[in-house]
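Since the model is a prediction, treat every value here as computed from it, not as a measurement. Both backbone and side-chain heavy atoms feed into the values below; hydrogens, waters and symmetry mates do not. Order of the sequence lines sets the chain letters (A, B, ...), proteins ahead of strands, with each chain counted from 1.
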Amino acid sequence: MLSNTNCGWVDGPEELFDPLQFAVDLEMTDKSSDNGVRDVNSLKNDDRVFISKGLITKANGSSYVELGLTKITCSIYGPHETTTDESYSKCLLDTSIKFSPFSRPKRIDPLRITYENSNEMDDTEEAELCSMLEECLLPCILLHKYPKSQIDIIIDIIQEDNEANLLSAIVLSTTVALIDACIELYDTVVAKSLKIDSNLLTVCYMPNLAQVSSLFFDGELTTNELDKYVDECIKQCHILHKAICKVIIDDLKNKDQESKQTKIA
Amino acid sequence: MPRVPVASEDERKFIVDGIQSDFRLDGRTSRMYRPVLLATDVVNTANGSCLLKLGGTIVMAGVTFEFTRTSQESPNEGRIEATVDGSGCHSLRIFGRQRHLFTKQISRSLNYILNNPKCFDREQLCVVKGHHCWLVHVDISVLRYEGNLYDACSFAMKAALSETKVPSLQVTHDEETSEVTVDVCDDPFQFGLLNVSNLPVFISVSQVSGIHIVDTTLKEDSVTLARITYGVKDNGNIVYMSKDGGGSLDLLNLRSMSKVASDIGPQMNSLLLDKIHLSKAKQPLWGHVNENLLFDDINFV
Amino acid sequence: MSSYYCVPGDRLCPADSARPGPGTYEKQGCIFASIAGSIKLNLSENELGAVSHNKNTSNNEKPIITVVREEHQLAVPTVGLLAYCKITHVSPRFVRCNMFAINNQPLKSICHGMIKREAIDSNNKDTVECSQKFRPDDIVIARIISLGDSNSYLLSTAEPELGVVAARTSTGETLVPVACCKMRCPKTNIIESRKVAKIQNDFIEETER
Amino acid sequence: MPLDTHSELLKSIDINEFYKLCITSTSKRPDSRSYLDCRPLKCLPNILQNSNGSSMIRLGNTRVICSIKCQLAKPSLKSPSCGYIQPLVLLPRTQAYTSFGRRTQIINNNAVLSQTLLDIILKSNMLHLDDLCIEQGKWVWCVSCDLFCINNDGNLLDCCLLAIVHALKQTTLYTVKIDSDTGKPLVYTKEKLKLKLYDEPLCCTMFVYDNELIVDPTLNEEQVATTLIHVVLLKNDQICLLNKTGGTIFPTEKFQQCYGLAKQYIHSQRQILEKANDSKTVE
Amino acid sequence: MPDSLSSGQQHMSLVVPGTILTNDTSNFMRGHGTYLDSTKTKLKSSVAGCILKVDRLLCVEPKHMRYIGEVGHVIIGRILKVDQTRWIVDTNSRLDSYLPLAAVVLPGGEHRRRIDDDERNMRQYLKEGDLVSAEIQIVHQDGTLSLQTRNLRYGKLSEGILVQVKSSLVKKTKNHFHSLPCGATVIRGCNGYIWICPPTAATASNEQEHHTGGYVRSIETISLDERKTITRLSNCIQILNRYSIPIYDTSIMNIYSASLDYEINQSIEPKIMDILAKQTLATQENIGTYE
């Protein structure tokens, strides 16, 4: 944990107040920051995707993804050597997700951003996202190809739009980063969340193998309704998957053309 | 998933073959639970408590009340939170560093169903709208772990909450100085009960080589590819779903698993209710907690 | 030739029409891509479509299908590959080193290696003295013979082509090899003993691959 | 581009050797820049929705996001009419995973950078803390500038300073009136007013490699550099801060050279900033 | 447990910590589980268990404890880790035990040179999680055990069920490998690990052991009947453990024959367990003691 003096100034105010909590004309701002309302139609208009790769130079692979208004960077380290006995035959995953101080309407105290990996603080929202992400990635990485090694996945949430597409964006960025890091995958996994009134369903799906790698549901539905929801999610996943593939393949083509030109020159 | 070896390759093969011939390590069939033993009201200091054995897995749940102010965003609701603690349990050590993550995950899942308005209505925990409410702690401690902790914890939580005695209060509202005074009435035999009829139970369905089994033991976990934990209400509706086990599933499996869960859920629910009634009836027989009798099977139903 | 591109999970061809090479995996009777890159078929210029015709070819003449990324490959220590390492610590029984490149691909993060005494030199194994073969900060080419225990990989230099490729004296002068077990300081013609790698052309090809 | 395996190897063996070789053989830097030209600079204003003002600076591979958040606070007793400004640099957590620096080291770097920035902001009085006062002794603004480095490829100070200046230019404050009887502030989110800036300090970082002045170091160059020189100039080209970390001894006329370099370097920076603002106003 | 007293050990007297064992410290020597009180006149017990008197040596052997190994014990262990030249084995004892590579008969004969690449291939013979039956060779000062499987009866265990019981219930006897008449083989490890496997597999591996020491995996799958017997046995042994009835081949057979009137999956229900335990105790009363 960083102490106050470590962070560059000594005489800061003891307590900070979010100005919005004193606001007198708050109706519209309140609505915009409230999630549940927009999510009903979000599954149409939130699919504006922007993907870019390899902006973090020291990492093996990295990606920057915008899904709707959610902005996320992900960087991959490894597979690198680890000394735990657990990992002799298979590769370990170590994910660490952090919210940047300005990712939410209310400022998150940056003193909370440590440089440790996520296992220490294990009851935060970040930890929950981590466990979900790991659950979703484990089935789709060829772990046995990287014995006695470990892959670190570091994710920074620059801006969060709404909780419904947060995990989806995280998974998207991680997949792109893994591909950029040239780590062998069974499939390009994509995730999609549906939030219809009070039911939140998230499905992580591998389109080519037609396998669900992870899913989460909170609400109340009968099994048949649930199946319908899952189908809808998977349909969305397919759309997302097409988008990724296009981006990646275009990127590959451009890279090759560049390299050819340099060869000629 | 455990971090130290639990079963060798050949043992795993043995287990898988058994499951495929619908004959598991202890003779159960794929849809069978281990015997559930329940004793309620085992701790004097808690408002409600129970000790639950699911085969070799033993958990103890205690419910305690705390008097607080209501939160801003939900003024006429009380608060309730469950915590699962495995620090006292030696057999959880196989998870190594992940042990705390594991218990934290379970408490997270329990909190999801507790905070789901369709499962548990938190308004019954409100004392004075916008002013005071109960903060209910459901503390579950794992005494022994031999598989399927999710289900055991949810059973224990429901049992404990269903026999929880809510202290009754007198609320006097003064009109002119809009002051609210709350005082506990001293009669110990005057209390209310919580309504937990909608509270679901967890049913964890594991997939082992295409076959779906419930209530896996520790060794069966070592051959499990994927497990989905469903929160199932007594009417068979699904209110919670999360996956672990690090494998993947196709849609057919997914469907049949949710069918299995919604079939078994109501059965387990009713079984649990019967047990709760029986143990309530049994309580006078052996009065209040008596530690050296506590783990003796004759006190359970 | 116009190259085809794929992302992980793309179905490339049925398993009986080709053999899975690097960057691919076989599942449910099909070969899938496991990395993003361009699809390559060796020993045959014909395209993917054409491959699926000669199904009834025996295994050895099936083409190997691979997926490659020119601009960026991932170096993973595997048994049999050659590693560049820097000696960190010399003890009578073994030598510790840091691998920083494998088959000429620099590793992003170094791996720890260990050369046991009996794996240093092929001839007269038992009389080998580690301190006479390596010194800290030497640059050595070695072959990975085993993943070893949880701490370090096991390496071997028991081949004429393997051993020290660059070394310095304590004064920082670059030593030049004079024999298979000797290096000379160009300034003060002091001879220092090392297990020198005999550089051969075909061997260089091997490392380039 | 096809990666030249041998130079790559050399780089991973001994970065100094590699650099020396590169400089001596082709009197250019590894990324084929000459000594005096800096990496392409890009500035994006207002990229974040949740903050009062924000900017993203991209200098080659170095990317820094700056977010200005203005919160209400009680002033300190020492200076009841002064607001707060709190620059805070967060180096990428990813650095903790490479060989570049352990965690504590990174935290220290954060502290050092943040402190330097705070000094620059206060000394150059680019903004007056009195402007941040709402009611004396009661309520003031606390402007917290979170500088979030997505990627660190050297020359962070320049980028951070650019980012802060650029973001503060965008920054708008809500108008706040104090409720006379309760003393509670009333925030009007509709009416915003711009933060007043009095100056724009910008920084130029250069380093010395065998008596050559080289501008805009990358991360590797910062490693091999024997000494680093930071020159911060105000609008009227006055020196606000001049900092030379130890290393080589250094004739005084070299400083004239530094000043000259810094001048032209910072001029180009200013132009780019202006352009970024104009383009933003055009949109 | 209610029946622990009537479990055929009446001839040993049970003591709790602090019980005065004897007053004349001159004629008795202080053994495990005992201590001299401050006055140096009384010998007291420091654990709860039964007194063990070997002429002048007074010991108290605790009832529930981790296994304390003795040379020559037949035990069953699970490989935890593969080290440089040895396997680290979990034997339910206080400290991890070791199985040195030299103490294992490797496939392809008795004594072979080329130790260095054996070290490299150790994982091929035994890897993490594998079960081995072995004999304790040395008990070190700190209580660490080092094992050996040179005798061809020992070696890697293939398909079957491992039941863990209190180590105090398994006493050392002449034979620990029982092939029971009900059609299953039971290995009673003195460390409280009991291995049940089909007779076919056992005999097969016996034959193999003459060449390989059980390092070759048997292919044939186990028939359902064999599986049922094995499962019934494992449930029965768990009942014996639960009611702390000493575990010998006789007691196992008694409870097994008693359990035959019930379905297998009934024998995990507490009531049935109670009945079965009572029955076996009764039969054993009739037969008499064990040794």
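The OG1 atom of E:Thr231 sits 12.0 Å away from atom CZ of B:Arg24, with the distance rounded to the nearest 0.5 Å. For the atom pair CG (E:Asn265) and CE (B:Met32), the distance works out to 4.0 Å, reported to the nearest 0.5 Å. To the nearest 0.5 Å, the span separating CZ on B:Phe23 from CG on E:Leu224 amounts to 6.5 Å. Between the NZ atom in E:Lys156 and the OG atom in B:Ser8 there is a gap of 7.0 Å [rounded to 0.5 Å].
Remark: side-chain polar atoms of B:Lys219 are paired, donor with acceptor, to backbone N or O of E:Leu162 under 3.5 angstrom. In this structure, E:Arg227 contributes its side chain and B:Leu25 its backbone to no donor-acceptor pair below 3.5 Å.
For chain E, no part of B:Arg12 is nearby; none of its heavy atoms comes within less than 4.5 Å. Heavy atoms of E:Leu131 lying under 4.5 Å from chain B belong to its backbone as well as its side chain. The contact between E:Lys127 and chain B is made entirely by side chain atoms (from C-beta outward), counting heavy-atom distances below 4.5 Å.
Salt bridge present: E:Arg78 and B:Glu11 bring a charged side-chain N and a carboxylate O closer than 4.0 Å.
Contact record, E:Glu159 with B:Asp17: OE1-OD2, 4.1 Å, taken as the closest heavy-atom pair. Across all non-hydrogen atoms, the minimal contact from E:Ile268 to B:Pro35 is O-CG, 3.4 Å.
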Go through the steps to decide whether E:Asn235 and B:Asp26 satisfy the test side chain to side chain contact (heavy atoms under 4.5 Å, CB included), and finish with yes or no. CA-CA 7 Å; E:Asn235 286 355; B:Asp26 47 9; 4.0 Å; yes
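Atom CZ of E:Arg94 has 12 or fewer heavy atoms from other residues, nucleotides or ligands within 6.0 Å. The number of heavy atoms from other shown groups lying within 6.0 Å of CD (B:Gln20) is above 12.
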